Asker: 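This structure is in C-alpha cells; I'll ask about it shortly.
As the structure is a prediction and not an experimental result, all values here were calculated from the model.
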Amino acid sequence: MSTVIPEKRSKASVKKQGRPSDPVKRQAIVAAAARSFFDAGFAASSIEQIAADAGVSKVTIYNHFGDKRALFTAAVELECEKMRGYFSLDDMPRGSIRNRLMAIGEGMAAFLSRPEMIQFERRIAAETEREPAIGEAFLKAGPWRMKNAFSAFLAHAASIGELIVDDPDLAAEQFVSMCKGMGDLERRFGADVSEETSRHRIKGAVAVFLKTYGAEADHGAAPRA
C-alpha cells in the first residue's frame with residue numbers, strides 16, 4: 001500500500017494565502033482608531049482599546065503601523081479621503097468651472113462643519129500645546145494633503161483654459177479662506193452657522209475667485225489711480 005506524502009507548502013505560499021485578510025484588518029483598525037481619536041482625542045486613545053474595538057491584537061496594530069502616531073496619521077487620512085473626492089477629476093460633477101467650484105466649496109463646508117470634526121480640531125489644538133508633533137502630523141495627513149489635491153485641480157483647470165492661475169497653491173489657500181470666512185471660527189466657538197449663510201459665503205467666494213482667476217477676467221487691466 002503506497003503512502004501519499006502531502007505536498008509541503010512553502011512559507012511564501014502560506015503567507016500569500018493569508019494576505020487577503022490584511023486589508024480587511026487594516027481597514028477595521030483605522031476605522032476604530034478614527035472613532036477613538038475623534039471621540040477622545042490622541043492622548044486619551046489607547047492602542048489596547050483600539051485593538052479591542054477592531055477585534056485584533058496589539059501586536060497586529062504594531063505590525064501594520066509601527067506606533068500610535070502612524071496610526072493617527074492613517075486615521076486622519078481616512079477622514080480626509082471623504083473630502084478629497086471632491087477634488088478628483090473623475091468624480092467631479094460636470095458643468096461649468098463655476099458650478100464645480102460651488103460643489104467643492106459646499107462639500108468642504110459640509111465636511112468641516114460636522115460636529116465630530118469641530119470637536120476633533122479643538123482636541124488636536126489642545127494636545128499640540130503639549131506635543132507639537134501631533135499638530136504637524138495632523139497638518140501633513142489632512143489639511144496639507146487636501147490643499148495639494150485642490151492645487152492640482154486648479155492647475156488642471158488652468159491647463160485646459162478654464163482658469164488663469166500662476167500660483168495654484170496660493171489660489172487654493174485664497175479660495176478656501178474665502179469659503180470659510182468667519183464660519184470656521186464661529187463654529188469652533190459654539191456659534192450656529194446656518195446653511196443659508198454658508199452658501200452665501202461660498203457663492204461670494206466663487207464670484208470673487210473667478211473675477212480674479214477666471215479665463216474671461218480682465219487680467220491685464222491697469223489699476224485705477
Side-chain angles (χ1 to χ4, degrees), residues 25-56 58 61-62 64-88 91 103-151 153 172-173 175-195 197-199 201-202 205:
K25 283 183 181 178
R26 190 181 193 283
Q27 186 176 12
I29 293 168
V30 175
R35 289 193 300 270
S36 181
F37 290 136
F38 271 64
D39 291 343
F42 181 85
S45 295
S46 68
I47 294 294
E48 291 82 358
Q49 186 59 54
I50 292 171
D53 292 342
V56 300
K58 283 198 312 180
I61 291 183
Y62 286 120
H64 276 80
F65 299 96
D67 58 24
K68 184 177 175 182
R69 190 170 298 160
L71 180 57
F72 170 78
T73 298
V76 174
E77 288 175 350
L78 173 68
E79 287 301 307
C80 290
E81 280 298 330
K82 300 174 185 177
M83 183 62 210
R84 278 197 293 271
Y86 287 95
F87 307 143
S88 169
D91 299 332
I104 289 172
E106 290 175 348
M108 177 183 63
F111 178 78
L112 295 176
S113 64
R114 294 180 304 157
E116 61 268 30
M117 178 57 75
I118 296 169
Q119 182 184 44
F120 181 64
E121 287 188 348
R122 288 172 181 160
R123 287 207 170 106
I124 291 302
E127 291 176 3
T128 298
E129 292 185 7
R130 295 190 297 271
E131 191 173 352
I134 295 302
E136 185 177 359
F138 169 68
L139 289 171
K140 286 181 178 178
W144 287 346
R145 288 190 63 177
M146 291 170 68
K147 175 191 168 183
N148 290 339
F150 186 40
S151 295
F153 166 78
E173 289 185 12
F175 181 76
V176 170
S177 296
M178 286 192 296
C179 283
K180 292 197 298 185
M182 289 287 290
D184 196 37
L185 187 64
E186 290 166 348
R187 280 188 290 265
R188 194 174 302 167
F189 286 91
D192 183 34
V193 181
S194 69
E195 290 185 13
T197 298
S198 181
R199 183 174 175 79
R201 281 189 177 121
I202 294 165

Asker: Keeping Thr197 on the side-chain end and Val193 on the backbone end, is there a donor-acceptor pair under 3.5 Å?
Answerer: no
Asker: Under the 3.5 angstrom rule, does the side chain of Ser177 hit a backbone N or O of Glu173 as a donor-acceptor pair?
Answerer: yes
Asker: Taking only residues two or more places apart in sequence, or in another chain, which ones meet Phe138 in a ring pair (Phe, Tyr, Trp, His ring centres under 6.0 Å)?
Answerer: Phe120
Asker: State which residues pass salt bridge (charged side-chain N to carboxylate O under 4.0 Å, His left out) with Lys68; sequence neighbours excluded, sorted by chain then number.
Answerer: none
Asker: Please identify each residue that fulfils salt bridge (charged side-chain N to carboxylate O under 4.0 Å, His left out) with Glu116, with sequence neighbours left out.
Answerer: Arg114
Asker: What pairs with Ala125 under side-chain contact (heavy atoms from CB on, under 4.5 Å), at least two apart in sequence or on another chain?
Answerer: none
Asker: Taking atom CZ of Phe65 and atom CD1 of Ile29, what is their separation to the nearest 0.5 Å?
Answerer: 5.0 Å
Asker: Shortest non-hydrogen contact from Ala172 to Ser151?
Answerer: CB-OG, 3.6 Å
Asker: Rounded at 0.5 Å granularity, tell me how far CZ in Phe153 sits from CG in Asn148.
Answerer: 15.5 Å
Asker: Which residues satisfy the salt bridge (charged side-chain N to carboxylate O under 4.0 Å, His left out) test with Arg201, sequence neighbours excluded?
Answerer: Glu186
Asker: In chain order, what residues pass the side chain to side chain donor-acceptor pair (under 3.5 Å) check against Ser46, with sequence neighbours excluded?
Answerer: none
Asker: Give me the atom names and distance for the closest heavy-atom approach of Leu112 to Ile118.
Answerer: O-CG1, 3.6 Å
Asker: Would a distance-only check, ignoring hydrogens and angles, find a side-chain to backbone donor-acceptor pair under 3.5 Å from Arg123 to Phe38?
Answerer: yes
Asker: To the nearest 0.5 Å, tell me how far Arg188 CZ sits from Glu121 CD.
Answerer: 5.5 Å
Asker: Which residues pass the side-chain contact (heavy atoms from CB on, under 4.5 Å) test with Ala33, not counting sequence neighbours?
Answerer: Phe37, Ile50, Leu71, Ala75
Asker: Rounded to the nearest 0.5 Å, what separation is found between the NZ atom of Lys180 and the CZ atom of Phe175?
Answerer: 12.5 Å
Asker: Around atom CD of Gln119, are there more than 12 heavy atoms from other residues, nucleotides or ligands closer than 6.0 Å?
Answerer: yes
Asker: Would you please name every residue forming a side chain to side chain donor-acceptor pair (under 3.5 Å) with Glu136, sequence neighbours left out?
Answerer: Lys140
Asker: If every non-hydrogen atom of Arg122 is compared with every non-hydrogen atom of Arg187, which pair is closest and at what distance?
Answerer: NH2-O, 3.2 Å
Asker: Please list all pairs passing the salt bridge (charged side-chain N to carboxylate O under 4.0 Å, His left out) test where one or both residues lie in residues 35-46, with sequence neighbours left out.
Answerer: none
Asker: Who pairs with Asp67 by side chain to side chain donor-acceptor pair (under 3.5 Å), at least two apart in sequence or on another chain?
Answerer: none
Asker: Going by side chain to side chain donor-acceptor pair (under 3.5 Å), name the pairs with one or both residues in residues 126-135, residues two or more places apart or in two chains.
Answerer: Arg69-Glu131
Asker: State which residues pass side chain to side chain donor-acceptor pair (under 3.5 Å) with Gln49; sequence neighbours excluded, sorted by chain then number.
Answerer: Asp53
Asker: Between Ser198 and Ser194, is there a donor-acceptor pair closer than 3.5 Å when you use the side chain of the first and the backbone of the second?
Answerer: no
Asker: Taking all heavy atoms of Ala40 and all of Ala44, pick out the closest pair and write down the distance.
Answerer: O-CB, 3.4 Å
